[in-house]
Amino acid sequence: METSIVDVVIGMQYGDEGKGKIANQMAASGEYDYVVRFNGGGNAGHTIYLNGEKIVTHLVPCGILHGIYSVIGNGCVINTQKLFDELAYLEGLGFNTSLLKIAENAHIITQEHIDEDSKDTTIGTTRTGNGPCYKDKVGRTGLRAKDIPELEPYLVDMYSLIHSSPKKFLAEGAQGYWLDIDFGDYPYVTSSNTGVGAVLNNGFNYKQVRNVIGVIKCYSTYVGAKGYQKGDERFEKLREIGQEYGATTGRPRQIDWLDLDEVNEACKMNGVDFLIVNKMDVLRQVDSAWNLYQDQMVISCSDENTFMDRIANYLDPSIDIEFQGQLH
Ligand code: IMP
Ligand code: MG
């Protein structure tokens, strides 16, 4: 029987891998009927360049930028005011926001959630109310999209949406696998699952997952309270050239070399078919920066090709790797 399929874009590091760019390229292909966000909320910041214009979204899936139906899935948490502000911003840019759908059972971020999150000093959260909202969801005291009259026109039921007729979905992840509530460096994590399992918890069955596209940068970044960056002046250069500042909070991202073991584990845990390696052009602009971690040791590669070969040889050979930001 014909069924819906879903291709999934997931970050394999700590967020900010360039998922937004990749999801945007894929949405632009015309292959998909729907783009769906399956986790997170306004804590995410997706930066996209469309016809030379920089567009930053937090909650609305990138399908809206391509005239495709876009769904905020039930795994997401929604700040209603911020959502309406973002819709107004996108309408102002000429996009048709009536294509937006919201899962009726997605949870709502309240002022109390934001107030509670604003007191955080240990995790270094985005202070958007994300964690406290998920806490109420799991505690069964939360408010859902179907409880909010203003969201009525957008509401959908994920079962009907996915299973009533065959459609092609692109699932756009938020954050990255190493910020996952279960598998990340707890407590320095976000409050949702960020991997492929989260897609299933938005109503897709496992047979519908077609391709999993993992996204990384050719170096690592992390934003949050734990100490992550080591003293190496090349990291400061990387931050400036790569413009590594949080899209949501403006905080400087901490930087380190690419960690191949981390990427390898994330690929295995998510069944990655394709891996995109972003920002090669940034690493190229810093002297002697073709470095990566393997078995917790820094390996210095002599040049770009050696660096690319080492990645390809280390990961499962069935993974199709594409490097972006190359000279040719
Ligand atoms: P929260 O998701 O706001 O609770 O923040 C928890 C941790 O996840 C903090 O270290 C944040 O900086 C990080 N985080 C949350 N969303 C993103 C994101 O979209 N990109 C990068 N880091 C994020
Ligand atoms: Mg981001």
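For ligands, and for the atoms within them, numbers begin at 1 and follow the listed sequence.
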- Before accepting this row, confirm whether a basic side-chain N of the pair R234/D232 lies closer than 4.0 Å to the acidic partner's carboxylate O. yes
- Candidates V189, V223, T128; heavy atom nearest atom 6 (C) of ligand 1 found on V189
- For R127 and ligand 1, does the shortest N/O to N/O distance drop below 3.5 Å? no
- Query: Would you say the side chains of D309 and T306 form a donor-acceptor pair under 3.5 Å?
  - Reply: no
- Please confirm whether S191 comes under 4.0 Å of ligand 1, counting heavy atoms of the residue only. no
- Message: With respect to G15, determine whether any N or O atom, backbone or side chain, lies less than 3.5 Å from an N or O atom of ligand 1.
- Response: no
- Subset of ligand 1 atoms that lie under 4.0 Å from at least one heavy atom of Y14: 21 (C), 22 (N)
- Option whose closest heavy atom lies nearest to atom 14 (N) of ligand 1, chosen from T248, T249, T190, L179: L179
- Message: Between E236 and R239, does any NZ, NE, NH1 or NH2 come within less than 4.0 Å of an OD or OE carboxylate oxygen?
- Response: yes
- Backbone N/O of K168 and side chain of D33: donor-acceptor pair under 3.5 Å: yes
- Can you find a non-hydrogen atom of R253 under 4.0 Å from ligand 1? no
- Task: State the atoms of ligand 1, each with its element, that fall below the 4.0 Å cut-off from a heavy-atom position in N130.
- Result: 2 (O)
- Message: Under a 3.5 Å cutoff, is there a donor and acceptor pairing between the side chains of Y314 and D261?
- Response: yes
- Numbered atoms and elements of ligand 1 in range of D16, under 4.0 angstrom, heavy atoms: 20 (N), 21 (C)
- Query: Which ligand 1 atoms, with their elements, are less than 4.0 angstrom from a heavy-atom of G224?
  - Reply: 10 (O)
- In Å and rounded to the nearest 0.5 Å, what is the CD to OG distance from Q111 to S118? 8.0 Å
- Establish, yes or no, whether a centroid distance under 6.0 Å links the rings of Y228 and Y14. yes
- Message: Quick check on contacts: which atoms of ligand 1 are under 4.0 angstrom from a heavy atom of R251?
- Response: 11 (C), 12 (O)
- Can you tell me if Y32 and D7 form a side-chain donor-acceptor pair at under 3.5 Å? yes
- Using distance alone, decide if ligand 1 has a nitrogen or oxygen within less than 3.5 Å of any nitrogen or oxygen in T125. no
- Message: Below 4.0 Å from ligand 1: does a non-hydrogen atom of D117 turn up there or not?
- Response: no
- Message: Could you check whether any heavy atom of Y188 sits closer than 4.0 Å to an atom of ligand 1, since that is the contact criterion I want to use?
- Response: no
